[in-house]
Novice: 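Supplied in structure tokens, the structure appears directly below.
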Amino acid sequence: MSQPVFYSTIGIGLFCIGLYALIVQSHLLRRILAINIMGSGVFLLLVALGGRGTTGIPDPVAHAMVITGIVVAVSATALALVIMLQLSQTSGRAQQPDKSQDSRH
Amino acid sequence: MDTVSLLLFSYDCLLALSLLWISWQIFANADLFRSIVLFIAFGLLMALVWVRLDAPDIALAEAAIGAGLTGALLLSSLARLDETAMSGKNISSGLPVRLTYRSLLTLVIMLVGGGLAYVIQSLPDEAEGLTAVVIEQLNNSGVSNPVTAVLLNFRGYDTLLEIMVLLLALLGVWSLKISPISGGPPAGAMLDYLVRLLIPVLILVAAYLLWVGAHAPGGAFQAGSVLAAACVLLLLAGWNIPDSISSNVLRILVILGPVTFVITSLLSLYFNQHLLAYPAAYAGQLILLLEAAATLSIGFILAALFLGNDPSAGDSK
Amino acid sequence: MILPAQLHWAPLLILVPLIAALLCVIWPARVRWFGLAGVLTVLMAVIGLGVQLLGQDSYSHAPGGWEVPLGIALYADGLSLFMLATTALVACGVSVYATAYFKDEQSRWFWPIWMFLLAGLNALLLSADIFNLYVTLELVGLAAVALTALGGRREALDGAMRYLLATLLGSLCYLLGVALLYHGYGSLDIATLGRQLVATPLVSAAMGLMGVGLLMKTALFPLHFWLPSAHANAPAPVSAVLSALVVKASFYVFLRLWLNIFGPLGGIADLLLGLLGALAIVWGSIQALRQTRLKLLVAYSTVAQIGYLFLAFPLAMFGTLAAWHGALYLALSHALAKAALFLAAGNLLCFGGHDRISDLDRVVQRLPLTAATVALAGVSIMGLPPSGGFIGKWFLLEAALSQGRWDLLIVMLLGGLLAAAYIFKVLGHMFTQATVTHEASAVPATMEWAALLLACGAVLLGFLAVPILQLLGLGDPLVMTEVMR
């Protein structure tokens, strides 16, 4: 298995682990972690497949996309954490009832 | 396979398995603190993976922002959470009654993952992407690091929007008015001494990363995150800056990057008929100016995100 | 001096709200002025762009001067203009309303974040690069979440958190699709990809991922779970923007990708979208009927109305433009009418302190302007003539009839009946006296007039179909590129 395919498969694995955790976990902090793991998986796939070039240089556009993605991810994480904190302050807990329970309304 | 490629392959396998194992452990662990620490370890492992994949710019950004700053944000949130929520910390995930739902979900996700892996497999072994196009125009971009050229010149418009996203997140955080991090006990002599030693070093490193980004791995985001790390260290060591100074100065520093980008856009629109188009002779200097302003903004926005509250709010204590 | 035709209206549409937002951060005391000035300038720039497009059919701009595939492409044609105009009109109405709605402390944060949202929407509507679209989608999403959480009420924070997680999941799925397309075909530009794509498993995977991501953001059934609590619990002007503009933004991205990249590939995707749209109409309308709170009813109505937009996908596969015209006209009318409804709900909340439908106390007598707003907006939502909603539904019905799609016809008629039911439910309670009368607070005239004008706009659209559809056709955006095998 070549290196690009190897690491991009790992990236898909991370994406799937994160997706499972996002849906199943009920604590908001863990859901935020899950989103970050999913993001890392996507970035890994982006960069790994960029290593298939024939010149020795890896694909700079893929690298630029991932750096942008990392910054966007930290912005989203910061906002999510603050909303979680305010939510726990007003309601006393940091869990949300999971989707299967409240999709009834 | 000869020895070297065998060793490299084992190294790859080790990294990959550790990544997958850690990400699983993050969610299987009942203790939130341990999960966050594992997440930080995950970030550092990712940095190693980036180095392995020949992406040193990303490795720097991941280590500083992805592992470092995100980890600091998570830990400070956990600390605040412990202060407010009664029992939010050690609740284990899920209820056993949803076992069938979980098995179905696992099956679906494995099918999706398998399908994606198959699709990846079917991609050709060699593909150029946009590398050749970038290299071709690199000499006209004003810098010699291709990633910096893409970020600050060829696709500079993306970077403009990205800085706005960062500022927007800060505004969102400020609008929600959470309490500032409690400084903790006053810094002992050791921490104080270490901080006095490290801060100038960190500022120098940030300046170096900013400067070197034009022709080697580095750039505004990496430099900005090191600057943010310096500020976070100061905050953790209990240094207090008077609010009257910090509120105005912070606000100016925070918008400096976005304002510089917008002014450059307007000027280039007027003179060059294109958004963010740099005159070829001055491209390098202009990029350095933009990166310097961006470094300051990124650093202080990230530090302010860590601090949490808006110093200009009168009742922020 | 620079002539209007040479002014770059499209980049200005993005820069002006950004400048307004930065000014709001620098001088918080003057936020309302900066916000209003920003929105009015955006409206003028949209008119300028319209004039420009009348002359040259489409407009392209390459930031940095770098042509595709190296740089990012900005592109405007009739479809972009149409959506930009919708955005600008709703933005004006909501901004005027918001000057009176928010007190000083919340105003200080509302205006800069709202300006960022407006900039993000304009940037999204003008972008022709799939990664740039990701960044704009994130800008719009985070700004929308921050606005939803504004004020710090527990229900609003709950809705905001749910919204944030859903929108981030959607963005990541979309980004994964972008990664697949980029590595499969070596370009991020929509036009280039459209020319090069063929139907392979890779492209189907990318379409599935990007589709799921964007449909999550557009709240198409069954991915709509986050919408009711977010839209119902946000402050009234924010709810208006969310239902009217933000969900349409991701719909626009999906439509663009469909028209230029994925649609010509054939397959069963259009049938699936039609099915989900039909389910959305029925489910959303029934749920709306069951609600006791006005804002929740209006939020579920959004879920239903979004379903109509997706009925156009199966109907448009046979070369008829009527289906797209119907869906887009519905999108425009819904934007104005739904914004008006949410603003009216905000007036009622301000007036009585609650939005329980059964306790709406003689609103017709005490708040006649608001009652008229609900009536006019309701006319458009129900699809009664004369209104924009009627024109949109007429086009869709006509397309369904001409293709013998009796199933979709029945669903649309059923949706219309259910919409009439829930609108009349609200109107009925507005005429009657509540069992317990409430202390009434005064509602600022600005708020009432802003809502009413938006509702009048929705009805006026019933008379402007011909010129608007002509504008929509500039640059032939709705013609799908050749079907490729």
Side-chain angles (χ1 to χ4, degrees), chain A residues 2-3 5-10 12-14 16-17 19-21 23-27 29-30 33 36-37 40 44 47-55 57-64 66-68 70-72 74-79 81-86 88-89 92-95 100, chain B residues 12 16 19-20 23-24 26-27 32 35 39 46 53-55 57-58 61-62 65-66 69-70 73 77 80-81 84-86 88 91 93-94 101-102 105-106 109 113 116-117 120-121 123 125-131 134-135 146-147 150-151 155 158 162 165-166 169 172-173 176 178 221 305:
Chain A
S2 65
Q3 191 191 56
V5 174
F6 180 72
Y7 275 108
S8 42
T9 314
I10 301 297
I12 294 174
L14 287 175
C16 294
I17 293 177
L19 182 58
Y20 181 80
I23 298 177
V24 164
Q25 295 281 337
S26 53
H27 199 284
L29 194 68
R30 287 188 207 274
L33 289 176
N36 276 295
I37 304 270
S40 293
L44 191 49
V47 171
L49 289 178
R52 295 176 299 151
T54 46
T55 64
I57 309 171
D59 189 344
V61 175
H63 288 359
V66 168
I67 295 182
T68 305
I70 292 179
V71 173
V72 167
V74 77
S75 311
T77 302
L79 188 59
L81 286 171
V82 168
I83 296 180
M84 176 191 79
L85 282 174
Q86 283 295 64
S88 80
Q89 211 164 35
R93 57 192 183 89
Q95 318 261 116
S100 61
Chain B
D12 282 336
L19 268 180
L20 290 173
S23 58
W24 184 252
I26 290 177
F27 302 108
L32 274 178
S35 293
F39 178 77
M46 280 301 288
L53 288 175
D54 269 330
D57 304 77
I58 307 181
E62 175 80 49
I65 304 179
L69 262 146
T70 311
L73 284 173
S77 298
R80 286 182 172 111
L81 204 58
T84 57
M86 272 77 80
I91 310 253
S93 58
Y101 171 60
R102 282 208 207 190
L105 184 64
T106 314
I109 292 186
L116 286 173
I120 298 295
Q121 181 86 341
L123 281 173
D125 279 340
E126 287 182 352
E128 265 313 316
L130 289 172
T131 318
V134 170
I135 300 298
V147 179
V150 172
L151 271 176
R155 296 184 66 98
D158 269 343
E162 177 192 356
V165 170
L166 205 48
V173 165
L176 287 169
I178 56 173
F221 295 101
L305 284 174

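Worth knowing before you read on, the calculation uses all heavy atoms, side chains too, and leaves out hydrogens, waters and symmetry mates. Within every chain, numbering begins at 1; the chains are lettered A, B, ... in the order of the sequence lines, protein sequences first and strands thereafter.
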Novice: For a 4.5 angstrom cut-off between non-hydrogen side-chain atoms, does B:Phe221 reach A:Thr68?
Specialist: no
Novice: By a 4.5 Å heavy-atom criterion (distance strictly below it), what part of A:Leu79 contacts chain B: side chain, backbone, both, or neither?
Specialist: both
Novice: Please classify the contact between A:Ser40 and chain B as side chain, backbone, both or neither, with a heavy-atom cut-off of under 4.5 Å.
Specialist: both
Novice: Work out which heavy atom in B:Leu81 is nearest to a heavy atom in A:Ser88; give both atom names and the distance.
Specialist: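 Smallest interatomic distance, heavy atoms only, reads CD1-OG, 3.4 Å.
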Novice: Of the backbone (N, CA, C, O) and the side chain (C-beta and beyond), which part of A:Thr9 lies under 4.5 Å from a heavy atom of chain B, both, or neither?
Specialist: side chain
Novice: Which value, rounded to the nearest 0.5 Å, describes the distance between A:Ile23 atom CD1 and B:Ile109 atom CD1?
Specialist: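 Here the interatomic distance stands at 5.0 Å.
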Novice: If I measure from the heavy atoms of chain B, does A:Leu44 come under 4.5 Å with its side chain, its backbone, both, or neither?
Specialist: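 For A:Leu44, the contact with chain B is made by backbone and side chain together.
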Novice: Checking heavy atoms, do the side chain of B:Val134, its backbone, both or neither come under 4.5 Å from chain A?
Specialist: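 For B:Val134, the side chain is the part near chain A, not the backbone.
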Novice: Roughly how far, to the nearest 0.5 Å, is the CG atom of B:Leu176 from the CD1 atom of A:Ile83?
Specialist: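 If I round to the nearest 0.5 Å, the distance is 6.0 Å.
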Novice: Of all heavy-atom pairs between B:Ser23 and A:Leu14, which one has the smallest distance, and what is that distance?
Specialist: OG-CD2, 3.5 Å
Novice: What part of A:Tyr20 gets within 4.5 angstrom of chain B, counting heavy atoms only: side chain, backbone, both, or neither?
Specialist: both
Novice: Decide yes or no for A:Arg30 and B:Ile26: does some side-chain heavy atom of the first lie under 4.5 Å from some side-chain heavy atom of the second?
Specialist: no
Novice: Answer with side chain, backbone, both or neither: which region of A:Thr77 has an atom nearer than 4.5 Å to a non-hydrogen atom of chain B?
Specialist: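 The answer is the side chain of A:Thr77.
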Novice: Any non-hydrogen side-chain atom of A:Val74 less than 4.5 Å from a side-chain atom of B:Leu73?
Specialist: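 A:Val74 vs B:Leu73: side chains touch.
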Novice: Find the one option among B:Ile120, B:Ile58, B:Val150, B:Thr106 whose heavy-atom pairs under 4.5 Å with chain A are most numerous.
Specialist: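 Highest number of heavy-atom pairs under 4.5 Å: B:Ile58.
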Novice: Select, from B:Ile135, B:Val165, B:Asp12, the one with the greatest count of heavy-atom pairs under 4.5 Å involving chain A.
Specialist: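 Highest number of heavy-atom pairs under 4.5 Å: B:Asp12.
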